[in-house]
Amino acid sequence: MKKQPAQWLLSAASVGIAGIILTQSYGTAVAETNTGSFVQTPEQKVTTRQVAALLDRSHYLNQPLDSKTGSEILSMYIDSLDPNHTLFLQSDVDELKKKHADDFGARLKQGDLSAGVEVFDRYRKRSNEYFAMATKMLKKDIDLTGDDTIILDREKLGHFKTKKEQRDYWERQLKFQLMSITLGQEDEKAKEKVFLSNPDITRGQDLVRNDERTPNEILQNRLSRQQEQFKRLKDDEIMETILNTAMLTYDPHSNYYAPIQATELQIQSSLQLEGIGVSIRPDRKNPDYTRIVTLVDGGPAAKSGQIKPNDLIVGIAKDGETMTDVVGWSTREIVSLIRGKRGTSVTLKLRQPNTPDASARTVTVVRDIIQQEESGVTQRVVEVQRPNIDKTPKRIGVLEIPSFYLNYRARRNGEDYRSVSIDTEKALKKLNEENIDGLVVDLRNNPGGSLDEVAKMLGFFIKSGPLVQIRDNRGNIQVYRDDDGGEQLYDGKMVVITNLASASASEIFAAAIQDYGRGLVVGSTTTGKGSAQIQLDSLALGSATLTQRKFYRITGGSTQNKGVVPDVELVNIYDDATFGERAQKKALPWDTIRTAPYKPEGKFTNDTLATLNQQSKIRQERNPQFTYLSTLNDIRNMDDEKKPVRLDINSRRAKMQLIEKRSLEAENRRLIATGERPYSNWNTYQAAMDAKFEERSRMKAAERPELPEDEAFINEAAYLMLSAEPKTLLSPEEKL
């Protein structure tokens, strides 16, 4: 592989940038605004100017941060705070836009967040009004019957014109929430009855919550937690909402991260974090508590011998500070307290479930680097035998690639590092030793990663030639190439599986395999994220990603927006209307550039693809896993939040029971078709699913058995690959 001049970010890989544009200042005069308790620090002002300069001078769109763009940012900021249009009144919106639309961009250039903070303060005020109204309303008994209706998804609807309209909606919203909690409690009690009468179904786990709170109490506790989290918001987090919205106004993948969130970006790209090695989640019985689910083998928590799975975290003392009571805190807030630099200490106050607070113990742990080994590439071999075709089973290698990760900082510092190409090279060598008859590359739910890494990966499969084209905001085109003299680590039959959650680097990989005719691409059309971001770690506070490049296939078409369309369609488990680039606001458009000269290694003819699609469709219709997933898609569409929902618990219960009935029927058809015992009723089914989920959550990823509905995609991909015999490929010399 040719060494490339820059490390570009496709999803979450980290890289530096020259700081010349980050110290520009703007002298535009703007009016002062009283922003209450928020007083900008010098670092916040510098960070705001830096972000404004990036957007004004360096974004792919070449769109200046002028008054028009500033007005768009303000509108998007209001919508980002209140996406359902239930908190801001129309008069709030009109007032704030009249006051700040013309100079919102100029303020950002000057480093002035006051206009954004004023908007946030109005949002805080309306939110507190909602909390106060809800608290008062929940002290009374609420009739959950009647003929009123509510539209839950109001994104396309306007803001309320009067407080009376707003309060009326808030009341109906609370009524709907109480209905949902009541029905949820009914289901929970029914499941607990199953657990108590059939203890074997729990698999030895304590799954009985025995929650005696009323629906009003549950909702009040939930709202109180939200309000307390709201009060704990730091000024940096408010700055994050303003600056991130400014960047999202340009495109969905330019982002600003406050210092707390900036840590997550590095974790995603490197599979490494500095912490104590535990996974956490809200406790099932009482979401006010956060429960430790698993310990990482060899991590500081496991080595201490004093921290156990199921421990509840009741307090945290960070870096020698005083103990903070974290009951009611979100997992995000707790993670931010536990994580820290290697070699520093954190003290946890823990207690086991069903024990008094007096039994709580304190454990001090020294943070260390935690390698997320289970998050990397995995390989395995499955046997596939086509009826009436294969006399003996075919050995198919499966390469699962969760992301195109790279610990860029470790590589830059000359340290040992992990990357997807290093791990894939090892995996392919092992699979080659297994004498496999074909290879399935699974890119489902792969969000992308490093451009360098996907280029190296493609070099393992393609002889030589261009891999992807990249255009910058000046129209300059750079071509990434594989120039290794035709060397291939794997040259056998292969197929790539994608879905709507396959993005960015995944799309580059799938597109190149498809364009070279190197293998089939099967599954669903990909996300359509065809842009590259630079990672900016040199801001005064936090970090940012900025879109500066756009990707194009070697054939000239962009992967942006349209994504990669598979050669053979499999069941799509995602909702196209709400997921993927095509559903995003401000998504960059699809376009084309010139084709890069390349020599295909083959081509599947249109007749071949038509035959493969027809055969696959028949198999999918007969496959109990695919028919199950298709049925779930139909059931999902039964509850449309854009349509009015009747606020009557009896009507809602009947609707939920119909959905439950159809879901159970779908599950039982699948079980019967695969020779398993069906469930007698919905409650038994749900209890069994809870037990299985809890059991799987405690397993390491490598120990979890493959889900049959997931494995159906692997098997069908293998069938398609094996059915595409070599005679369906044109030779490289034949004119295409």
Side-chain angles (χ1 to χ4, degrees), residues 1-17 58 60 251 253-255 265-266 268-271 377 401-412 417-425 441 443 446-462 464-473 476-484 496 498 502-516 526-537 544-554 557-560 563-564 581 588 593 596 598:
M1 291 293 301
K2 247 187 176 180
K3 187 176 181 181
Q4 303 301 336
Q7 168 66 26
W8 289 101
L9 183 85
L10 280 73
S11 171
S14 171
V15 71
I17 187 175
S58 302
Y60 180 81
D251 83 289
H253 306 290
S254 292
N255 298 104
L265 194 64
Q266 173 62 15
Q268 290 177 39
S269 62
S270 66
L271 301 184
V377 171
I401 304 174
S403 70
F404 289 87
Y405 50 88
L406 167 67
N407 189 337
Y408 178 76
R409 288 177 177 172
R411 187 183 73 170
R412 181 183 60 195
Y417 66 93
R418 284 193 69 187
S419 77
V420 66
S421 63
I422 292 173
D423 292 349
T424 298
E425 184 174 5
V441 179
L443 297 182
N446 183 316
S450 163
L451 177 57
D452 279 354
E453 287 300 300
V454 72
K456 290 178 183 178
M457 290 273 291
L458 283 167
F460 296 153
F461 302 99
I462 291 171
S464 64
L467 303 173
V468 63
Q469 303 186 84
I470 311 167
R471 185 171 69 177
D472 65 20
N473 58 353
N476 301 316
I477 297 175
Q478 176 188 3
V479 181
Y480 268 59
R481 301 183 59 85
D482 173 32
D483 291 331
D484 57 9
V496 178
T498 62
S502 304
S504 201
S506 301
E507 298 174 279
I508 289 174
F509 186 94
I513 295 297
Q514 190 177 58
D515 291 340
Y516 273 98
T526 59
T527 293
K529 196 265 183 181
S531 59
Q533 288 68 46
I534 199 79
Q535 171 70 26
L536 301 158
D537 292 325
T545 58
L546 184 75
T547 298
Q548 290 194 323
R549 299 291 188 272
K550 200 171 178 183
F551 295 110
Y552 295 83
R553 303 170 70 137
I554 55 177
S558 176
T559 54
Q560 171 61 26
V564 178
E581 192 79 4
L588 299 179
I593 60 175
Y598 73 104

### Query
How far apart are the C-alpha atoms of Lys550 and Asp472, what are their side-chain angles, what is the distance that settles it, and do they pass the side-chain contact (heavy atoms from CB on, under 4.5 Å) test?
CA-CA 7 Å; Lys550 200 171 178 183; Asp472 65 20; over 6 Å; no
### Query
So which heavy atom on Pro466 is nearest to which on Arg481, and how close?
CD-NH1, 3.7 Å
### Any residue meeting side-chain contact (heavy atoms from CB on, under 4.5 Å) with Ile593, in chain and number order, not counting sequence neighbours
Gln469, Arg471, Ile477, Tyr552
### Query
Between CG of Asp452 and OG of Ser419, what distance do you get to the nearest 0.5 Å?
10.0 Å
### Euclidean distance, Gln548 CD relative to Ile534 CD1, rounded to 0.5 Å
6.0 Å
## Note on the structure
side chain to side chain donor-acceptor pair (under 3.5 Å) filter on Ser558, not counting sequence neighbours, yields none
### Query
Does His253 offer a backbone N or O that forms a donor-acceptor pair with the side chain of Thr545 under 3.5 Å?
yes
### Task
State which residues pass salt bridge (charged side-chain N to carboxylate O under 4.0 Å, His left out) with Asp251; sequence neighbours excluded, sorted by chain then number.
none
### Query
Out of Ser403, Ser504, Ser506, which one pairs with Asn446 under the side-chain hydrogen bond (donor to acceptor under 3.5 Å, both in side chains) rule?
Ser506
### Query
Going by atom types alone, do Glu507 and Thr526 pair a side-chain donor with an acceptor below 3.5 Å?
yes
### Message
Going by side-chain contact (heavy atoms from CB on, under 4.5 Å), name the residues that satisfy it together with Ala512, two or more places apart in sequence or in a different chain.
### Response
Leu458, Ile462
#### Entry: Any side-chain heavy-atom pair of Tyr60 and Leu546 under 4.5 Å
no
### Query
Just by distance, do the side chain of Thr527 and the backbone of Lys529 share a donor-acceptor pair under 3.5 Å?
no
### Query
How are the rings of Phe461 and Phe509 set to each other: parallel, tilted or perpendicular (split at 30° and 60°)?
perpendicular
#### Entry: Flag, side chain of Asp423 to backbone of Val377, donor-acceptor distance under 3.5 Å
no
### Message
Check whether Ser254 reaches the backbone of Thr547 with its side chain - one donor and one acceptor, N or O, closer than 3.5 Å.
### Response
yes
### Task
Would you name the heavy atoms of Leu588 and Gln560 that are closest together and state the gap between them?
O-NE2, 2.8 Å
### Message
Quiz question: by atom type and distance under 3.5 Å, do the side chains of Ser421 and Glu453 form a donor-acceptor pair?
### Response
yes
### Residues that Thr498 engages under side chain to side chain donor-acceptor pair (under 3.5 Å), provided they are two or more places apart
none
#### Entry: Pairwise side-chain contact, Phe551 with Leu451, heavy-atom cut-off 4.5 Å (strictly under)
yes
### Message
Looking at every non-hydrogen atom in both residues, tell me the closest pair between Asp515 and Arg553 and how far apart they are.
### Response
OD1-NH2, 2.7 Å
### Message
When you compare the side chain of Ile554 with that of Leu467, does any pair of heavy atoms fall below 4.5 Å?
### Response
no
### Task
Indicate whether any N or O donor in one side chain lies under 3.5 Å from an N or O acceptor in the other, for Gln478 and Asn476.
no
### Query
Which is it for Leu443 and Phe404 under the side-chain contact (heavy atoms from CB on, under 4.5 Å) test, yes or no, and what are the steps along the way?
CA-CA 10 Å; Leu443 297 182; Phe404 289 87; 4.2 Å; yes
### Query
With sequence neighbours excluded, what pairs up with Ser502 under the side chain to side chain donor-acceptor pair (under 3.5 Å) test?
Asn499
### Query
Is Leu406 close to Arg411 at the side-chain level, that is, under 4.5 Å between some pair of heavy atoms?
yes
